[in-house]
Number of protein chains: 2
Amino acid sequence: MSRMAAKDRREELIAAALRVMIREGVVKATTRAIVNEAKMPLGVFHYCFNSREELLQEVLTRFTDATVTAARKTFEGEGDLGSRITRSLGAFWGTVELSPGEHQVSYELTHYALRQAGFEDLARRQYQHYREVHQELLEEAAEAAGIEWAVPVPVLARYLNAVLDGITLSWLVDRDSEHSREVLRLTGDHLLTLARPRAA
Amino acid sequence: MSRMAAKDRREELIAAALRVMIREGVVKATTRAIVNEAKMPLGVFHYCFNSREELLQEVLTRFTDATVTAARKTFEGEGDLGSRITRSLGAFWGTVELSPGEHQVSYELTHYALRQAGFEDLARRQYQHYREVHQELLEEAAEAAGIEWAVPVPVLARYLNAVLDGITLSWLVDRDSEHSREVLRLTGDHLLTLARPRAA
DNA sequence: CGCGGATTTGGTCAACCGTCCAAGACGCTG
DNA sequence: CAGCGTCTTGGACGGTTGACCAAATCCGCG
C-alpha cells in the first residue's frame, strides 16, 4: 500500500464503511468488510481507529451533518407558500427515491445507537438536529409568505419530521411510490390549512 | 429438564426470544441467549428449530398478529367521531408508553427482515397488515358517524400508519411525551377536518 | 417386560468477530 | 548517512456464534 497519512486513511475508511452499510446493512459492516471495501490490509483499521465503535460514531455524525445540509438546500427557493411547500416535500421525496439505501442505513444506525450504551445521545442529537432544520424552514417560509402558523412551530416541526419519517419507512418496506406521494400531498395540504394571516 | 413436547418447547423458546429482544435488542438475541433465558440446554434449540432464522420468522409473525389484535381492541368503543378519534389515538399512545421495548423491537425486526434475503415479504406483510387494520377502523368510524372521508381511505390509512410510526420513533429516541401528545392531537384534529357529510 | 420413537444433553466443530502486536519499511531532518 | 517518528503488514489471540452429533434417557404400547 502506498504511504498515506492516518488522517486521510480515516476518511477513506469512513467512506468505505458507509458504502458497506448501504450495500449490506450496519450489522454486516465488520472491520474486515470495511477494510476490504477500502482495499486496505486489516491492520490499518486499529491504527486509524481505537475501536469499531469510534468508526461508527464518526459515520453517524457525518451522515447526520450531510443529511442536514442536503435538506437545507433541498428546501430552498421562491414562490408562494403553497408551491413552496409542494416543491420542498417533492424535493425531499426525490432524495428518498434516489438513494433509499442511505435512508435505510439512517434508521439502522439510529436503532443501533439506541441499544449501545453511551450512544443514545448521538441518536438524540440526530433527531434534534433534524427537527431544528424543519423548524427553521417553517419559520422562514412563514416569514416569506407573511403568515404565521396556527400551531406552535416546535410541534409542527416534530409533526413534519414524524410524517416524513413514517412515509419513508413505509416506502422502504413496500416501495409503493404512488400512494406515498399521495400521502405527501395530503401532508402538504394539511400544512397549508395551518397557515393564517399574521396577527398584530 | 423435565420432559416436554417439542411443540410446547417451541412456544417457550419463542416467548423467551421475545423477552431477550425487548431487553437487549434483536442482534443480541443469539441462540445461546434465548436458550439461557428459557433455562434450557443449548442442544434444545436445533431440536425445536431448523435454524435461528426459523425462530425469528415465528417471532415476527406472532408479534405482528398480537399487535394487530391489540390494535383492534384498542380502537373499539362508542361516541361521536371526534371523541372516538381522540380516544383511539390516546389508547394507541398508551400502549407505546406502556411497553416501549416491544415497539422498538418491532422496528428492529422490520429492518432485519429488509436485509435478510427471503424475509422482505414478511416485512411487507407486516406493514400491509397494519394498514388494513387502520383502513377497517377508518371505514367503521365513518360508518358509525354517518360521514365519508374526503380522501381515499387507503391513502388515509397509509397516512395514519406513517404518522403513528413517525411519532413513535421520535419518542423512542427522545422520550418527549409532552410534545408527542401534542402532535398526536394535531393529527386527530386533521383527521376530523377530513370528514364530510355523506353524499348520496 | 421389552421394544421403538421421542426427547435430552453436553461437547464439538468451523467460521467469524474485534483487537492487538512485533517487525519491518518508509521518508524527513539534522 | 544515521536516526527517528510515522506508517505498513501479516499473523495471532481469545471469545462468540450457528450448527451439528452421538450417546443417554424417557415413556407409552404391544
Side-chain angles (χ1 to χ4, degrees), chain A residues 1-21 23-60 108-109 111-113 115-119 122, chain B residues 1-21 23-60 108-109 111-113 115-119 122:
Chain A
M1 209 85 237
S2 63
R3 219 176 159 78
M4 193 185 306
K7 287 277 177 193
D8 298 339
R9 246 179 231 287
R10 272 179 74 101
E11 298 306 314
E12 289 204 15
L13 282 175
I14 292 169
L18 184 56
R19 263 177 280 140
V20 174
M21 288 179 190
R23 197 185 333 118
E24 317 196 36
V26 171
V27 187
K28 298 274 193 68
T30 66
T31 55
R32 285 169 175 83
I34 294 168
V35 139
N36 192 36
E37 168 79 19
K39 294 189 176 69
M40 300 180 185
L42 177 58
V44 167
F45 193 96
H46 283 86
Y47 181 72
C48 297
F49 296 94
N50 289 321
S51 67
R52 178 176 178 261
E53 292 198 0
E54 187 180 315
L55 186 264
L56 290 200
Q57 280 203 28
E58 214 67 46
V59 170
L60 182 49
E108 291 179 8
L109 280 176
H111 288 293
Y112 173 86
R115 291 290 187 185
Q116 207 75 11
F119 272 58
L122 232 56
Chain B
M1 207 83 233
S2 63
R3 216 174 161 78
M4 191 185 307
K7 286 277 177 194
D8 298 340
R9 248 179 228 288
R10 271 179 75 101
E11 297 307 316
E12 289 204 15
L13 282 174
I14 292 170
L18 183 56
R19 265 178 278 141
V20 174
M21 288 179 191
R23 197 187 330 121
E24 317 198 37
V26 172
V27 186
K28 299 273 193 69
T30 66
T31 55
R32 283 170 177 82
I34 295 169
V35 140
N36 193 35
E37 169 78 20
K39 296 189 175 66
M40 300 179 185
L42 177 58
V44 167
F45 193 96
H46 282 87
Y47 180 72
C48 297
F49 296 94
N50 289 322
S51 68
R52 179 177 177 261
E53 292 198 1
E54 186 181 315
L55 185 265
L56 290 199
Q57 279 202 28
E58 214 68 46
V59 170
L60 181 50
E108 291 179 7
L109 280 175
H111 288 294
Y112 173 87
R115 290 291 187 186
Q116 209 72 11
F119 273 59
L122 232 55

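The analysis underlying the following values was restricted to heavy atoms, covering all of them including side chains, and did not include hydrogens, waters or symmetry mates. Per chain, numbering begins at 1; letters A, B, ... match sequence-line order.
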Which value, rounded to the nearest 0.5 Å, describes the distance between A:Asp8 atom CG and A:Arg10 atom CZ?
11.5 Å
Output a table of donor-acceptor pairs, distance under 3.5 Å, between side-chain atoms of residues 30-37 of chain A and any protein atom two or more places apart or on a different chain; print 'none' if there are none.
from    : atom 1 : to      : atom 2 : distance (Å)
A:Thr30 : OG1    : A:Ala33 : N      : 3.1
A:Glu37 : OE1    : A:Arg23 : NH2    : 2.3
A:Glu37 : OE2    : A:Arg19 : NH1    : 2.7
A:Glu37 : OE2    : A:Arg23 : NH2    : 3.3

Using atom CZ of B:Arg10 as one end and atom P of C:dA6 as the other, report the distance to the nearest whole Å.
16 Å
Roughly how many Å is it from CD in B:Glu12 to C1' in C:dT8, rounded to a whole number?
15 Å
With sequence neighbours excluded, what pairs up with B:Glu11 under the salt bridge (Lys or Arg N to Asp or Glu O under 4.0 Å) test?
B:Arg62
Of A:Glu54, A:Arg52, A:Glu58, the one forming a side chain to side chain contact (heavy atoms under 4.5 Å, CB included) with A:Leu56 is A:Arg52
Strictly under 4.0 angstrom, non-hydrogen atoms only: write out the protein contact profile of nucleotides 15-30 of chain D, one letter per nucleotide from the 5' end, B, S or -.
--BBB------BS---
Categorize A:Met40 for me: base, sugar-phosphate, or nothing, with a 4.0 angstrom heavy-atom threshold over every strand shown.
nothing
Atom CZ of A:Phe49 and atom P of C:dC17: how far apart are they, to the nearest Å?
18 Å
To the nearest angstrom, the CG-C1' distance between A:Asp8 and D:dT6 comes to 13 Å
Using atom CG of A:Leu55 as one end and atom C1' of C:dC17 as the other, report the distance to the nearest whole Å.
15 Å
Taking the six-membered ring for Trp, are B:His111 and A:His111 parallel (under 30°), tilted (30 to 60°) or perpendicular (over 60°)?
tilted
In the structure I gave you, are the side-chain heavy atoms of B:Arg115 and A:Glu108 within less than 4.5 Å of one another anywhere?
yes
Protein-nucleotide distance (B:Tyr47, atom OH; C:dT9, atom C1'), rounded to Å:
12 Å
